[in-house]
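Counting starts at 1 for both ligands and their atoms, following the listed order. Bear in mind that the values here come from a model prediction, so they are computed numbers and not experimental data.
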Amino acid sequence: MDTKLIVDEVRLTPILISDPPLLNTQGVHQPYTPRLVVEVVTGGGVSGLGETYGDGVYLDTARRLAEALPGCLITDVNALFGLAAQAADTVDTVGADDSGVDASGLRGVRTADKLRLSVVSAFETACLDALGRTLGLPVHALLGGKVRDEVEYSAYLFHKWAGTDDWGAALDPAGIVAQARRFDREYGFRSFKLKGGVFEPEREIAAIRALADAFPGRPLRLDPNGAWSVETSLAVARELGDVLEYLEDPASGTAAMAEIAARTDVPLATNMCVTTFEEIPEAFAAGAVRIVLCDHHYWGGLHRTRELAALCRTYGVGLSMHSNTHLGISLAAMTQVAATLPGLRHACDTHYPWQTEDVVTPRPVFRAGRLAVSDAPGLGVELDRGALAALHRRWLDDDGTFRNRDDTAAIRTTHPTWTPRHW
Ligand SMILES: O=C([O-])C(=O)C[C@H](O)[C@@H](O)C(=O)[O-]
Ligand SMILES: [Mg+2]
């Protein structure tokens, strides 16, 4: 067997990256959020990169998978799921109780399976990066080839507190429009998504109206992460139906989404009620969503993202892309897979402009709201080992306060009695 294709070593580096005080239904982003950088090193000395959530439960599963991988082929990405299942058997997946909404309340029901897929996604990406570098081919070529040369992204608008960042506070419609103007000016984003469920719906309706006035005809999205009732969702849809590209997860759960969908023409999108293949049949049969947001971290990697895209195509459901706080490795993976999806007709979400720190060099540059699809071998990004070491040092020095993302705990440091609100 060609040792160039065999995994020699896996390096896991948990890091803490700075994050601005962005508000959502569950609270506020912590000053630092955990991410995990995965490096798969081959017998040929090639190193492939992946990135995923860095909270403790992800890290525990990743450690077991990393132990199991040496000796495996980097081409055998389908085997990662079985290896991860075995690895996860030995891990106490705290919080992944198969019954509730996830700890951060933003990605639907949390299960051990979903957690494992998020870990696998980083290993799959790292294997594909290593394979691409070994063969001299971009990752998109390993996925069947790109169908576009650029991927369009959407600006991600947040109500936020003033922090140590240079964006200042945005707590009303004028603040949201100012934020959008900067995204337009500096990145050229054409479409805008507002994270909702933070203030009463009237204030968020006013923010979308102000955006529609400031940017006539531009695609606008509003996403309250399931914080509204069916009736509130319908009232918002009535108010904003003429300007919304889509309404994202207005209410929680497939049944509520299906009821809203039956009573409005505004397209509904989700990254909460359809986040696994098991959730698809019921949601599609009920007509609960017109657009699914893919996210290779959720779905178990780049190949599985393409499988989701095929299902959406089959059922006439549109495709967009979800984002969490992430760095340049994930952005490169998102761009590579997005480039291969013919049915992706909505601009992809990205948190990336909110991240001032990164482990790749140079930082990717958005032009006219788009990223060029790299044709360089692998993901086309280079690891900045100095930056990685510094962010890992921050993780090592942390007393545990920030090693697990908890937006509710973060907001309670200043508002001790705060609880998530529903309208
Ligand atoms: O539903 C969504 O699009 C998200 O939850 C994206 C992010 O997780 C965002 O809301 C956040 O981090 O506050
Ligand atoms: Mg969403």
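- The Mg ion (ligand 2) lies under 2.8 Å from an N, O or S atom belonging to N271.
- Distances below 4.0 Å separate heavy atoms of S323 from the following atoms of ligand 1: 6 (C), 7 (C).
- Of all the heavy atoms in A84 and L65, the pair that sits closest is N-CD1, 3.9 Å.
- Residue contacts with ligand 1, taken as heavy atom pairs separated by less than 4.0 Å, involve N225 solely via side-chain atoms from C-beta onward.
- Note: W161 and H415 have parallel aromatic rings, judged against thresholds of 30 and 60 degrees for the angle between ring planes.
- The N/O atoms of D349, backbone and side chain alike, include none that comes under 3.5 Å of an N/O atom in ligand 1.
- Minimum-distance N/O/S atom of E248 relative to the Mg ion (ligand 2): OE2.
- When the options L23, N271, D249 are ranked by their closest heavy atom to atom 1 (O) of ligand 1, first place goes to N271.
- In this structure, atom 7 (C) of ligand 1 lies nearest to the protein heavy atom H351 NE2, 3.4 Å.
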Ring pair (Phe, Tyr, Trp, His ring centres under 6.0 Å) between F81 and H303: does it pass, once the steps are laid out?
CA-CA 12 Å; F81 299 94; H303 283 291; 9.4 Å; no
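- What sits closest to atom 3 (O) of ligand 1 on the protein, heavy atoms only, is K193 NZ, 2.8 Å.
- Heavy-atom contacts of N24 reach the following atoms of ligand 1: 11 (C), 13 (O) (cutoff under 4.0 Å).
- Using a 4.0 Å cut-off to heavy atoms of D223, the atoms of ligand 1 that qualify are 1 (O), 2 (C), 3 (O).
- In this structure a side-chain-to-backbone donor-acceptor pair under 3.5 Å is present from T125 to S121.
- Not a single heavy atom of L22 lies less than 4.0 angstrom from ligand 1.
- With respect to the Mg ion (ligand 2), D223 has OD2 as its nearest N, O or S atom.
- Here is the list of ligand 1 atoms found below 4.0 Å of a heavy atom in R405: 11 (C), 12 (O), 13 (O).
- Distance check: D295 CG to M334 CE gives 7.0 Å after rounding to the nearest 0.5 Å.
- Contacts between Y156 and ligand 1 below 4.0 angstrom, taking non-hydrogen atoms only, involve the side chain exclusively.
- For ligand 1, the atoms sitting less than 4.0 Å from at least one non-hydrogen atom of H29 are 11 (C), 12 (O), 13 (O), numbered in the order shown with element in parentheses.
- Side-chain atoms of T325 and Y352, non-hydrogen and from C-beta on, never get closer than 4.5 Å to each other.
- Of the candidates Q355, H326, K193, T350 forms a side-chain hydrogen bond (donor to acceptor under 3.5 Å, both in side chains) with just one, namely H326.
- Looking at L128 and L143, their side chains come closer than 4.5 Å, going by heavy atoms from C-beta outward.
- Protein heavy atom closest to atom 8 (O) of ligand 1, with residue, atom name and distance, is N324 OD1, 3.2 Å.
- Within 6.0 Å of atom CG in D265, 12 or fewer heavy atoms from other residues, nucleotides or ligands are found, so the atom counts as exposed in its surroundings.
- Between the side chains of S229 and H422, no donor N or O sits under 3.5 Å from an acceptor N or O.
- No side-chain heavy atom of M272 sits under 4.5 Å from any side-chain heavy atom of M257.
- By the 4.0 Å heavy-atom criterion, E248 is counted among the residues contacting ligand 1.
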